[in-house]
Amino acid sequence: QVQLVESGGGLVQAGDSLRLSCAGSGRTFRTSAMGWIRQAPGKEREFVAGINFNSAMRFYADSVKSRFIISRDNAKATVDLQMNNVKPEDTAVYYCAAGDVVVRDWRRYDYWGQGTQVTVSS
């Protein structure tokens with residue numbers, strides 16, 4: 001099993017930068033694909049970004065391309081989401097998730113953290 005804890009959320013203004021971090025534990029973290037998924041009130045859950053076990057493959061939702069960067073450090077068992085030029089529509093609870101293979105479908109991820117709230121004011 002993989003246990004995940006997100007941090008770094010908060011209240012920011014449009015155009016600001018924010019860095020979310022996910023701390024993982026468990027023997028399979030280094031071989032797990034990792035993803036960030038968000039959910040805002042009134043909207044469907046949305047895949048944001050994903051990264052495979054060795055960082056060779058990265059995927060992003062069209063809405064965050066060129067603004068967000070996903071990265072991981074297997075030695076530290078962490079995965080980060082660098083959020084640049086945030087917009088009000090980025091407001092959501094952001095979840096860190098782990099799965100066997102990096103995919104764009106959030107339903108394919110098996111383990112989830114509790115989430116961290118990101119609120120972007122205009």
Side-chain angles (χ1 to χ4, degrees):
Q1 296 187 22
V2 178
Q3 293 179 304
L4 305 169
V5 180
E6 303 94 335
S7 63
L11 176 63
V12 295
Q13 290 187 320
D16 285 353
S17 294
L18 192 67
R19 190 175 184 90
L20 306 183
S21 184
C22 174
S25 63
R27 59 189 296 270
T28 62
F29 178 88
R30 287 176 291 179
T31 58
S32 295
M34 303 298 299
W36 286 96
I37 297 94
R38 67 187 181 187
Q39 185 163 30
K43 296 183 179 180
E44 294 186 9
R45 190 164 295 184
E46 178 186 24
F47 169 86
V48 177
I51 187 169
N52 81 324
F53 76 100
N54 66 356
S55 302
M57 295 184 289
R58 308 177 197 224
F59 300 124
Y60 298 94
D62 289 342
S63 59
V64 306
K65 286 182 179 178
S66 301
R67 296 192 298 121
F68 293 6
I69 301 172
I70 187 170
S71 62
R72 69 188 296 162
D73 186 336
N74 287 343
K76 297 180 179 179
T78 59
V79 58
D80 292 354
L81 184 70
Q82 178 65 44
M83 305 168 64
N84 298 316
N85 189 27
V86 295
K87 303 176 180 180
E89 50 263 44
D90 293 322
T91 296
V93 176
Y94 284 72
Y95 298 92
C96 177
D100 292 333
V101 181
V102 60
V103 292
R104 298 178 185 270
D105 186 356
W106 60 266
R107 299 173 181 84
R108 302 298 184 181
Y109 292 86
D110 301 312
Y111 303 100
W112 296 68
Q114 294 296 310
T116 185
Q117 176 72 46
V118 173
T119 303
V120 182
S121 62
S122 60

Between D62 and K65, does any NZ, NE, NH1 or NH2 come within less than 4.0 Å of an OD or OE carboxylate oxygen?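 Salt bridge between K65 and D62, a charged N being under 4.0 Å from a carboxylate O: yes.
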
Using a 4.5 Å cut-off on heavy atoms from C-beta on, say whether the side chain of [Y] contacts that of [X].
| X | Y | value |
| --- | --- | --- |
| M83 | V120 | no |
| R58 | S71 | yes |
| M34 | L4 | yes |
| V118 | R38 | no |
| V101 | F53 | no |
| F47 | F59 | yes |
| Q39 | I37 | no |

Ignoring hydrogens and angles, tell me if any N or O in the side chain of [X] forms a donor-acceptor pair with the backbone of [Y] under 3.5 Å.
| X | Y | answer |
| --- | --- | --- |
| R30 | N74 | no |
| E6 | C96 | yes |
| R104 | Y60 | yes |
| N52 | M57 | yes |

Scan E89, E46, K87 and name whichever one has a side chain to side chain contact (heavy atoms under 4.5 Å, CB included) with S63.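 Exactly one option meets the side chain to side chain contact (heavy atoms under 4.5 Å, CB included) with S63, and it is E46.
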
Rounded to the nearest 0.5 Å, how far apart are CD of Q114 and OG of S7?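 One finds 13.5 Å between CD of Q114 and OG of S7.
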
Residues, nucleotides or ligands: over 12 heavy atoms within 6.0 Å of [X] [atom1]:
| X | atom1 | answer |
| --- | --- | --- |
| R45 | CZ | yes |
| Q117 | CD | yes |
| D110 | CG | yes |
| R67 | CZ | yes |

Under 4.5 Å between side-chain heavy atoms, hopping through other hydrophobics if needed: is there a path connecting [X] to [Y]?
| X | Y | result |
| --- | --- | --- |
| V64 | I51 | yes |
| Y94 | V79 | yes |
| L18 | V93 | no |
| I70 | V102 | no |
| Y95 | I69 | no |

Between N84 and Q82, do the side chains contain a donor N or O and an acceptor N or O under 3.5 Å apart?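 Side-chain D/A pair, Q82 to N84: present.
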
Using the six-membered ring wherever Trp is involved, compare the ring planes of W112 and W106 and label them parallel, tilted or perpendicular (cut-offs 30° and 60°).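 W112 vs W106 ring planes: perpendicular.
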
